[in-house]
Amino acid sequence: MILQVKNLTVGYYRNKQIIPAIKNINLNLNFSEIISIVGESGSGKTTLAYSIMNLIMPYEGKILQGEIFFYKDNKQINLLSIDNQNMRKIRGKNISIVFQDPFSSLNPILTVGEQITETVIAHNNIPKNTVKEYVFEILSKVQIKDVERIYNSYPHQLSGGQRQRVCIAIAIINKPDILIADEPTTALDTTIQKEILNLLWDLQNSFNMSIILITHNLYLTLNTHKIYVMYNGEIIESGYIKDILKNPQKEYTLKLLNSAKRWII
Amino acid sequence: MSLIFISLLILIAVFAPLIVKYDPLEQNLTDRLLPPSKKYIFGTDDLGRDVFSRVVYGTKISLSVGIIAVGISTVIGIMLGLAAGFFGKTIDTVIMRFVDICLCFPTFFLLLMVIAFLEPNIYNVMIVIGITSWPSITRLIRGEVLSIRERDFILAAKINGISTLRILFVHILPNTIGPILVNATLGIGGAILTESALSFLGLGVQPPIPSWGNILTIGKDYIHLAWWLSLFPGLAIFFTVLFFNLLGEGLRDIFDPKY
């Protein structure tokens with residue numbers, strides 16, 4: 001096991017009250033396993049991802065109960081009680097995220113190369129000139145053809161698909177143990193969606209990382225090992241993908257399945 | 001257009017000794033209060049000094065006071081604005097309440113008071129104008145930082161484990177450069193006006209060093225006899241401030257398409 005979420009409840013402040021966004025979440029992630037979290041908007045998928053990264057800002061909300069354990073080199077680290085300095089070392093190095101919207105998750109005034117390089121330098125002690133070669137290598141790994149040109153481009157000069165590839169490159173450059181993909185294809189059109197997903201599976205194969213895929217589209221989860229279906233802040237159904245697709249227990253899962261079928265036909 | 005005028009001004013300031021025929025401090029008592037002529041194109045003052053030379057040398061003083069004063073206030077404003085906007089909570093409250101206090105204090109009165117305690121010379125004028133005009137810049141930058149720190153790419157940088165200092169100065173600060181530049185340009189005009197006003201009152205740049213403000217002071221005494229003594233430095237101040245404001249607005253049009 002590499003990540004374990006135990007009894008997690010997280011709430012956000014609204015009018016001085018705390019309203020829980022996710023309730024009693026239990027989740028296990030094994031080494032080099034792909035799981036998907038499926039649910040509609042507002043079901044708490046992203047809150048769960050942010051909690052894992054310890055990114056719930058103190059002025060926004062609060063972890064009400066529960067623990068998140070990350071296992072590394074036979075050590076157990078509680079991500080919720082670790083201090084900021086050590087959390088920063090884990091973010092981007094051991095766990096990283098690819099966001100939904102590649103148009104807003106790149107800094108408009110830095111070149112792609114600079115943004116990738118700074119992530120490498122933040123975690124590794126390597127000289128700048130060797131970083132460049134390494135960045136080129138990763139850029140070609142995410143199937144960017146014109147590596148030299150993309151490296152020197154600003155984000156607005158790239159297409160949506162290229163930007164999402166760059167975001168993925170930034171996320172995987174430190175060979176993380178866990179990659180959280182938060183609706184990585186929602187902002188892209190259908191043909192690019194497929195390419196990006198295939199890219200994620202390829203990378204998972206070659207880097208042996210675990211992936212948490214967050215999506216509202218059950219169709220995209222076909223290649224994953226396990227599914228967690230979330231509704232209204234709770235996990236209402238979980239299990240291996242084959243079991244769930246064949247024999248969904250909850251009506252909500254069935255509805256999701258039916259809407260995803262339209263994609264297949 | 002305004003950029004051309006301001007570049008010209010800077011050139012004049014830098015090459016002042018090459019442009020003028022007479023030393024701005026040289027007195028020539030036989031040529032007192034002469035009207036503009038071929039020999040003295042802006043006329044001469046009560047001590048027979050060439051007004052043209054004095055206005056040209058005054059450019060250097062006024063521009064450097066304007067630019068350095070704005071530089072000082074912008075640096076203070078950036079530091080405090082970044083801290084207030086990014087860290088929020090107590091730091092924000094403390095800095096912004098202090099800004100509020102400074103903003104309700106009449107600036108010019110504060111200037112007069114500080115200058116009265118210090119020795120009135122050009123360096124003190126720069127520093128005092130600089131440290132009295134930071135509150136509005138701080139407020140501006142705080143507002144910018146507040147909106148930028150919520151953007152996804154800041155969150156992404158945080159997630160990638162980039163240090164806070166780097167996020168502040170590499171990711172947030174360059175994204176606020178547009179408003180900062182506009183504000184600074186507009187501020188230079190204001191600082192030049194303040195310097196002229198202080199010098200006019202005798203609390204700024206001290207004679208015999210020429211500044212537009214203290215040339216006007218002499219002009220005031222002879223305004224019924226020698227109009228050229230007040231007109232030319234007055235025009236210099238007018239056009240310089242006007243073009244700095246126009247440049248500022250031009251920059252704003254470039255950086256902020258809403259206007």
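Residue numbers start from 1 in every chain, and the chains themselves are labelled A, B, ... in the order their sequence lines are given, proteins ahead of strands. Below, all heavy atoms of this structure are taken into account, side chains as well, without hydrogens, waters or symmetry copies.
- For F103(A), no part lies under 4.5 angstrom from a heavy atom of chain B.
- Ranked by heavy-atom pairs under 4.5 Å with chain B, the list E114(A), R88(A), H123(A), M53(A) is led by R88(A).
- Here N54(A) contributes atom CG and K158(B) contributes atom NZ; the two are 10.5 Å apart, rounded to the nearest 0.5 Å.
- Interatomic distance, Q115(A) CD to N160(B) CG, rounded to the nearest 0.5 Å: 9.0 Å.
- The environment of Q17(A) atom CD is sparse: at most 12 non-hydrogen atoms of other residues, nucleotides or ligands sit within 6.0 angstrom.
- Residue with the most contacts toward chain A among G88(B), P174(B), A157(B): P174(B) (heavy-atom pairs, distance under 4.5 Å).
- Other residues, nucleotides and ligands contribute at most 12 non-hydrogen atoms within 6.0 Å of the CZ atom of R14(A).
- Listed here is the closest heavy atom pair of I159(B) and R91(A): O-CB, 2.9 Å.
- Inspection of the N175(B) and N107(A) side chains reveals an N or O donor paired with an N or O acceptor under 3.5 Å.
- Contact detail for F99(A) and L155(B): the closest heavy-atom pair is CZ-CD2, 3.6 Å.
- In the displayed structure, F108(B) atom CZ is contacted under 6.0 Å by more than 12 heavy atoms of other residues, nucleotides or ligands.
- The number of heavy atoms from other shown groups lying within 6.0 Å of OH (Y123(B)) does not exceed 12.
- When the shell of 6.0 Å around CG of N84(A) is examined, it contains 12 or fewer heavy atoms from other residues, nucleotides or ligands.
- A pairwise comparison of heavy atoms in A156(B) and S105(A) identifies CB-O, 3.7 Å as the closest pair.
- In terms of heavy-atom pairs under 4.5 angstrom with chain B, the leader among G92(A), S104(A), A122(A) is S104(A).
- Of the two parts of L110(A), only the side chain, counted from C-beta on, holds a non-hydrogen atom closer than 4.5 Å to a non-hydrogen atom of chain B.
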